[in-house]
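Step one of this worksheet: look at the structure below.
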Amino acid sequence: KSSMARSKPSPVNGNKHDSSLQQYNDTDGHFSLVRNFRLADLVTIMNGVCGSFSIFSSAQYLLTNDDDYLLWALALPLAGLMFDFMDGKVARWRKSSSMLGQELDSLADLVSFGVAPAVVAFAVGLRTYLDTVCLTGFICCGLARLARFNATVAIIPKDAAGKSRYFEGLPIPSSLGLVAILSYWVRRGWVEGKQGIPGGLITLWGTPGGRGDIHPVSVIFGLWAAAMVSKTLRVPKL
């Protein structure tokens, strides 16, 4: 998880957050959930909106082969990062946070920094069976990374301001580094249907065109996934 995320509640503030959750149970009406959203929650949802539009833009590119859709798909996760920065700042400014908002934060990050980059990679050309295995592993490791953060953030050493001193494993927004690589490929025309994916395609087993085909560069997603769930990799917070 990134440093801009809203922090998890401490045991001292447990009663406050319990009462915060109780309001969702006590408020009646079909749209009571929406009425109880805080401003920071709405900012968090905009992160998820950016990730969702990125996914649909990738799908539109696959249908139309229009490069504009691919460029939007690459740009929108960066917009999601801006909202990811802002939600924590808004929560501190308003002095208002909730456990619902913290869960929204993780789910939005999974969409914008897990699923969206993987779908963009698929659109760019990592489409073989083994490519999709690597991309699926990347998404699932991002999911596990976020779940571990939510479960263990309370016991990670804190600084004087109460913030965690380091990340265990790469935070999932670091996947924007992969998006930057894909953006460079797109600028150079290194995509399926044009100049092709860098490193080409190899066949590990069977005949070419079968399930044994893989683009070697898709292993980068697998290595990134391993770094996200690493227990020993500790990334200092800036």
Side-chain angles (χ1 to χ4, degrees), residues 2 46-85 108-143 145-146 169-229:
S2 55
M46 287 305 300
N47 177 9
V49 168
C50 291
S52 299
F53 271 114
S54 173
I55 293 168
F56 287 123
S57 294
S58 293
Q60 288 281 13
Y61 171 74
L62 290 170
L63 290 172
T64 64
N65 211 33
D66 185 339
D67 287 346
D68 286 344
Y69 285 117
L70 188 55
L71 295 175
W72 274 110
L74 291 162
L76 284 164
L78 179 60
L81 181 66
M82 295 172 59
F83 286 111
D84 197 28
F85 270 117
D109 281 1
L110 179 63
V111 174
S112 293
F113 311 127
V115 179
V119 176
V120 172
F122 182 88
V124 166
L126 302 184
R127 305 174 190 172
T128 72
Y129 171 74
L130 291 179
D131 289 342
T132 58
V133 168
C134 291
L135 297 178
T136 301
F138 170 79
I139 295 171
C140 292
C141 285
L143 175 62
R145 169 71 176 78
L146 290 166
L170 285 180
I172 193 169
S174 68
S175 66
L176 290 181
L178 296 172
V179 174
I181 294 172
L182 294 172
S183 299
Y184 180 73
W185 292 0
V186 170
R187 288 186 59 187
R188 298 298 298 268
W190 297 342
V191 299
E192 188 71 24
K194 295 182 180 178
Q195 297 184 40
I197 300 296
L201 182 72
I202 63 174
T203 302
L204 298 181
W205 69 78
T207 58
R211 290 200 167 193
D213 287 356
I214 187 173
H215 292 93
V217 293
S218 66
V219 176
I220 296 173
F221 280 84
L223 295 175
W224 211 282
M228 285 195 293
V229 297

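Side chains are part of it too, since the values below use all heavy atoms of this structure and drop only hydrogens, waters and symmetry mates.
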Applying side chain to side chain contact (heavy atoms under 4.5 Å, CB included) to Val120 and Val179, what does each step give before you reach the verdict?
CA-CA 8 Å; Val120 172; Val179 174; 6.0 Å; no
Determine the minimum heavy-atom distance between [X] and [Y], stating which atoms define it.
{"X": "Ala121", "Y": "Phe221", "result": "CB-CZ, 3.5 Å"}
{"X": "Arg211", "Y": "Trp205", "result": "O-CZ2, 3.7 Å"}
{"X": "Ala225", "Y": "Phe138", "result": "CB-CA, 3.7 Å"}
{"X": "Val119", "Y": "Ser58", "result": "CG1-CB, 3.6 Å"}
{"X": "Leu62", "Y": "Ala123", "result": "CD2-CA, 3.8 Å"}
{"X": "Ile214", "Y": "Thr128", "result": "CA-OG1, 3.7 Å"}

Decide yes or no for [X] and [Y]: does some side-chain heavy atom of the first lie under 4.5 Å from some side-chain heavy atom of the second?
{"X": "Ser218", "Y": "Leu130", "answer": "no"}
{"X": "Pro171", "Y": "Phe113", "answer": "no"}
{"X": "Val111", "Y": "Ser52", "answer": "yes"}

Practice item. Please lay out, stage by stage, how Val217 and Trp185 fare under the test side chain to side chain contact (heavy atoms under 4.5 Å, CB included). Key: CA-CA 12 Å; Val217 293; Trp185 292 0; 3.6 Å; yes
For Val124 and Tyr61: C-alpha separation, side-chain torsions, deciding distance, then whether side chain to side chain contact (heavy atoms under 4.5 Å, CB included) applies. CA-CA 9 Å; Val124 166; Tyr61 171 74; over 6 Å; no
Side-chain ([X]) to main-chain ([Y]) donor-acceptor, under 3.5 angstrom:
{"X": "Arg145", "Y": "Leu170", "value": "yes"}
{"X": "Asp131", "Y": "His215", "value": "yes"}
{"X": "Asp213", "Y": "Gly209", "value": "yes"}
{"X": "Ser54", "Y": "Leu76", "value": "no"}

Mind checking the [atom1]-[atom2] spacing from [X] to [Y]? Nearest 0.5 Å is all I need.
{"X": "Arg188", "Y": "Lys194", "atom1": "CZ", "atom2": "NZ", "answer": "13.5 Å"}
{"X": "Leu176", "Y": "Leu74", "atom1": "CG", "atom2": "CG", "answer": "10.5 Å"}
{"X": "Ile55", "Y": "Ser112", "atom1": "CD1", "atom2": "OG", "answer": "8.0 Å"}
{"X": "Leu110", "Y": "Asn47", "atom1": "CG", "atom2": "CG", "answer": "10.5 Å"}
{"X": "Leu71", "Y": "Arg187", "atom1": "CG", "atom2": "CZ", "answer": "10.5 Å"}

Thr132 meets the side-chain hydrogen bond (donor to acceptor under 3.5 Å, both in side chains) criterion, sequence neighbours left out, with none
Hits for ring-ring contact (aromatic ring centres under 6.0 Å, His included) against Tyr129, two or more places apart or cross-chain, chain-then-number order -> none
### Task
Decide side chain to side chain contact (heavy atoms under 4.5 Å, CB included) for Ile197 and Leu126; before the verdict, give the C-alpha distance in whole Å, the side-chain angles of both, and the deciding distance to 0.1 Å.
CA-CA 8 Å; Ile197 300 296; Leu126 302 184; 4.1 Å; yes
Residue pairs passing the side-chain hydrogen bond (donor to acceptor under 3.5 Å, both in side chains) test with at least one member in residues 68-78, sequence neighbours excluded, are none
